[in-house]
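Bear in mind the structure is a predicted one, so any value in this text is a computation, not a measurement. Keep in mind that the numbers below use all heavy atoms, side chains included, and drop hydrogens, waters and symmetry copies.
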Amino acid sequence: MASKRTKWVAPVALASIVGLTACGGGSSDNSAAADTESGPITFSLFSADTNPNWTGMKDEVGQVITEKTGVTLDSEFAIGGDTQKVSLMIASGDYPDLIMPKGDTSKLVEAGALVDLTSLIDQYAPNIKKMFADDMNRLKYSKEDQSIYVIPTYNGVGQTSFDAGGGFELQLEVLKELGYPEIRTLEDYENAIKEYYAKHPTINGQPTIPMTLNADDWKIMIGVTNPAFLATGLPDNGEFYINPETFEVQLHYKRPEEKEYFRWLNKMYNEGLLDKETFTQKDDQYKAKISSGRVLGTINQEWDYSEAENVLKNSSDETMQNRIFGHFPVTLSEEYKDHSFMDVGFPGGYGIALTTNLSEAEQIRAIKFLDWMASDEGQILTQWGIEGKHYNVEDGKRVIPQEVQDRKTKDSAGFAKETGIGQYTTMAPHYGDGVKDSTGNYYTTNFPEQIQAAYTQPEKDALKEYGAETWKDLFPQPEELGTSPWGAAFNMPAPSDPAYTVAFQKQTDIVRKRIPEAILATPDKFDAVYDGMLQELNAPDIVKMEEIFSQQVKDTVELWGTGK
Amino acid sequence: MRTLTPGGTSKNPDTPAADSNAGKRFKKQGFWRTALQQRYLYLMSLPFVIWAFVFSYLPLWGWTMAFQDFKPGRGFFEQEWVGFEHFVQLFQDDRFYLALRNTLAMSVLGLLVGFVIPIIFAMLLNELRGMIFKRFVQTVSYLPHFVSWVVVAGLVTKMLSTQGGAINDLLLGLHLINEPIQFMAKGEWFWYIVTASDVWKEMGWNTIIYLAAITGIDPELYEASRVDGASRYRQMWHITLPGIRTTISVLFIMQIGHLLQIGFEKQFLLGNNLVQEYSQVLELYALQYGLQMGRFSYGTAISIFNSVVSVILLFTVNGIFKRISKESIM
């Protein structure tokens with residue numbers, strides 16, 4: 001009774017804080033027991049990611065899924081990185097049946113909204129069990145609460161990356177003009193940009209932009225701060241440096257070598273090589289610059305600028321087609337190795353969960369549905385499509401007909417809407433790239449031959465000059481980089497303790513203000529600004545936050561049994 | 001319409017205290033009698049009273065959250081009560097004061113500029129003779145009101161850009177500066193940029209209400225003053241302005257009540273990491289440090305602070321106006 005009261009009180013009060021109104025989530029049908037077991041059923045689903053191509057399962061793959069399982073998903077997708085939505089659901093107590101909460105898992109667990117899946121998987125989900133096998137431990141929530149709440153769906157099991165999308169990017173035209181020099185250190189990178197810029201101060205009549213970065217909102221991490229640890233030989237652990245021996249944690253900005261990285265950016269800025277608008281431009285302005293072909297170098301992940309690059313790829317002008325980027329494992333100096341491809345094991349991470357909105361019978365039905373999606377049949381359907389329509393089997397090999405492949409490359413959004421291929425991948429656990437099924441075919445449509453086939457001619461030419469087949473070949477390979485006992489820390493659920501969350505937000509505010517300030521300072525003031533930031537980052541509450549996270553890392557290692 | 005207040009029959013505020021018992025009884029009788037007489041009026045207003053109660057007063061129950069360590073999913077009686085802890089935390093947080101400063105700075109600037117300019121604009125428009133031209137100017141000036149802040153922020157950023165931004169190109173062209181100014185990177189300019197874009201967007205819209213008030217002024221006054229030989233400036237000063245004074249003061253008092261609630265779209269969209277010390281406002285602070293972290297109690301505490309300050313401001317200004325100009329909204 002009492003809880004009913006707070007259920008509606010909370011959202012109304014919240015609405016008064018931010019002027020938002022809570023929208024109720026869907027609710028499940030109260031169909032008869034028999035229907036719940038095998039008849040048609042609709043599950044509501046909320047995903048914290050945007051999905052503009054969702055058609056409500058009206059697409060070809062979706063129809064087959066409904067036909068085979070009887071399940072229809074009534075999905076709602078958040079807009080942008082919307083973190084309010086889950087909070088509002090918690091406040092109102094209105095949950096969807098299935099939820100993909102991304103980083104908000106701990107809030108839901110604390111509110112008691114998620115179902116422990118351990119025994120459900122054990123009894124009803126042979127395919128999921130087979131898929132995770134030894135990694136089942138990595139699905140557990142925490143050392144104290146060893147329930148399984150979330151089945152990871154964002155990361156493919158057994159995933160091998162066949163291509164590099166990160167590192168430091170340099171325009172292929174620059175490489176060509178300079179005779180494909182070796183790009184290994186910041187110095188190489190800087191020299192290449194400088195040399196080309198001196199020769200070509202304008203491109204197509206407009207001023208050349210030697211280098212620009214995307215620093216809009218959270219992307220400042222991707223474009224400005226993460227490269228600091230990548231260039232100094234660390235794998236991605238979010239905002240933290242984790243000592244591999246003691247598991248002590250500190251903010252990665254506190255490492256002296258990173259100061260040198262930012263000093264380099266400061267130098268680039270003061271020499272006029274780093275775009276003056278770097279820290280004030282918005283996402284779209286950055287992309288517009290990339291698509292104009294005037295940017296010689298950027299530091300980013302391909303998923304962030306591929307949209308802009310496509311404009312160049314489709315240009316009719318051959319030089320413009322050559323103004324797309326290559327990826328290089330650039331580091332501060334030769335002593336560091338880029339750790340982008342470190343083998344972190346199965347990282348677990350974001351996925352799908354069942355909520356208490358489901359009755360016990362419905363829970364069983366839902367887990368069976370997810371299990372079907374994880375079966376070979378479900379996997380091939382969601383990744384490849386329908387046999388005879390989207391792919392053919394020739395001599396026991398799955399092949400995508402040329403005309404289907406062409407549509408896929410040229411009109412990817414329309415293709416996804418119509419066929420539904422790729423729409424259901426993150427809604428259920430799945431195998432990653434490079435894993436083969438019992439017929440010897442890859443589960444996914446990303447494999448080396450296919451990736452090489454998808455390169456444009458300028459990319460192929462450049463790669464040939466470097467004696468490589470993919471950009472990944474230029475990077476240090478997983479075998480030489482060792483493993484990580486805690487996986488990837490950026491994937492770890494954040495502690496929900498306010499002592500952690502508040503200090504983390506504070507840290508974020510400090511870093512996002514001071515780092516740009518340090519880069520834009522005159523060289524003689526750089527040290528003062530950077531050291532000032534370090535001093536702010538040594539505040540007792542932030543040190544306490546590091547300790548809390550360190551404990552989390554230690555607990556994870558213990559839970560996974562990956563310690564020494 | 002006759003007054004509906006229960007005190008309607010006893011207008012004398014100097015009722016002696018000794019008489020209070022009798023007074024109450026008298027009032028009570030009076031109340032029921034009027035209620036009976038005006039039962040249809042009461043009935044008609046009932047839905048609105050209920051509406052206001054449900055949507056404006058019942059939610060105040062949620063304020064209890066600020067005094068608890070609110071955990072969603074728990075019943076009301078299972079919550080842990082912590083007294084004023086969240087308020088103590090709030091008042092000890094430097095970032096709160098920063099947000100408060102920015103909120104007040106931008107809303108006071110907005111209030112001053114956003115008040116004076118529409119009034120002047122309305123008076124100038126009113127003096128125009130050509131009807132078509134007047135309508136045209138008015139329409140053009142209020143159209144930006146319908147443009148979303150997302151678009152306005154894009155326009156402003158583009159205009160102030162160092163690469164091909166109109167303002168910088170103009171200043172460079174006039175040789176007023178030698179190098180493009182990075183407007184968006186200067187924190188101390190942020191307040192003014194926000195105020196200026198707000199004026200551009202809302203000026204025309206805010207003018208409408210004053211124009212309407214001006215139409216209500218008796219034309220005979222103007223005629224009389226013209227006979228007396230008043231110039232147009234004199235007419236504006238002595239007739240138009242006093243004529244819309246009531247409208248101005250009512251709007252002003254209401255604006256004061258919203259001083260702390262300036263929204264966050266402008267600041268959120270125009271701001272960037274470099275200027276956050278000047279762009280962080282209270283609502284953004286409540287969102288980031290309250291709701292997004294699931295700290296519902298803390299968020300509620302900020303909201304209570306907002307409401308209390310707004311009410312105090314409203315009553316103070318209302319009182320001052322009542323005293324000096326006999327005009328008030330309560």
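In this structure, the separation between CE on B/M293 and CZ on A/F504 is 9.5 Å, given to the nearest 0.5 Å.
Using a 4.5 Å cut-off between heavy atoms, A/L520 contacts chain B through its side chain alone, with no backbone atom that close. In this structure, no portion of A/Q206 lies under 4.5 Å from any heavy atom of chain B.
Surrounding CD1 of B/I181 are more than 12 heavy atoms belonging to other residues, nucleotides or ligands, all under 6.0 Å away. In the displayed structure, B/F91 atom CZ is contacted under 6.0 Å by more than 12 heavy atoms of other residues, nucleotides or ligands. The neighbour count for B/F84 CZ, taken as heavy atoms of other residues, nucleotides or ligands under 6.0 Å away, does not exceed 12. The local environment of CZ in B/F268 is sparse, with at most 12 non-hydrogen atoms from other residues, nucleotides or ligands closer than 6.0 Å. With a 6.0 Å radius and a threshold of 12 heavy atoms from other residues, nucleotides or ligands, B/W51 has its CH2 atom at or below the threshold. Around atom CZ of B/F146, more than 12 heavy atoms belonging to other residues, nucleotides or ligands sit under 6.0 Å away. The number of heavy atoms from other shown groups lying within 6.0 Å of CG (A/D145) is above 12. Other residues, nucleotides and ligands place more than 12 heavy atoms under 6.0 Å from the CD atom of B/E188.
Within residues 212-228 of chain A, the residues having any heavy atom under 4.5 Å from a heavy atom of chain B are, by residue number, A/A215, A/D217, A/I220.
For the side-chain hydrogen bond (donor to acceptor under 3.5 Å, both in side chains) condition, the pairs that include at least one residue of residues 262-276 of chain B, sequence neighbours left out, are B/D198-B/K266. Sorted by first and then second residue, the side-chain hydrogen bond (donor to acceptor under 3.5 Å, both in side chains) pairs involving residues 156-165 of chain B (not counting sequence neighbours) are A/D275-B/Q163, A/E277-B/S161, A/E277-B/T162. Here ring-ring contact (aromatic ring centres under 6.0 Å, His included) pairs that include residues 156-187 of chain B, with residues two or more places apart or in two chains, are B/F183-B/W189.
Looking only at heavy-atom pairs under 4.5 Å with chain A, the residue among B/Q261, B/R95, B/Q280 that has the most is B/R95. Of the listed residues (A/I90, A/D509, A/T501), the one with the most heavy-atom contacts under 4.5 Å to chain B is A/D509.
A donor-acceptor pair under 3.5 Å is formed between the side chain of A/S87 and the backbone N or O of B/L291. Checking side-chain atoms of A/K282 against main-chain N and O of B/L269 turns up a donor-acceptor pair under 3.5 Å.
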Report the C-alpha distance between A/V502 and B/R295 in whole Å, list the side-chain angles of each, state the deciding distance to 0.1 Å, and finish with yes or no for side-chain contact (heavy atoms from CB on, under 4.5 Å). CA-CA 9 Å; A/V502 177; B/R295 292 162 85 211; 3.2 Å; yes
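Under a 4.0 Å N-O distance rule, the pair A/R514/B/E277 qualifies as a salt bridge.
Contact check for A/K506 versus B/Y289: side-chain heavy atoms found under the 4.5 Å cut-off.
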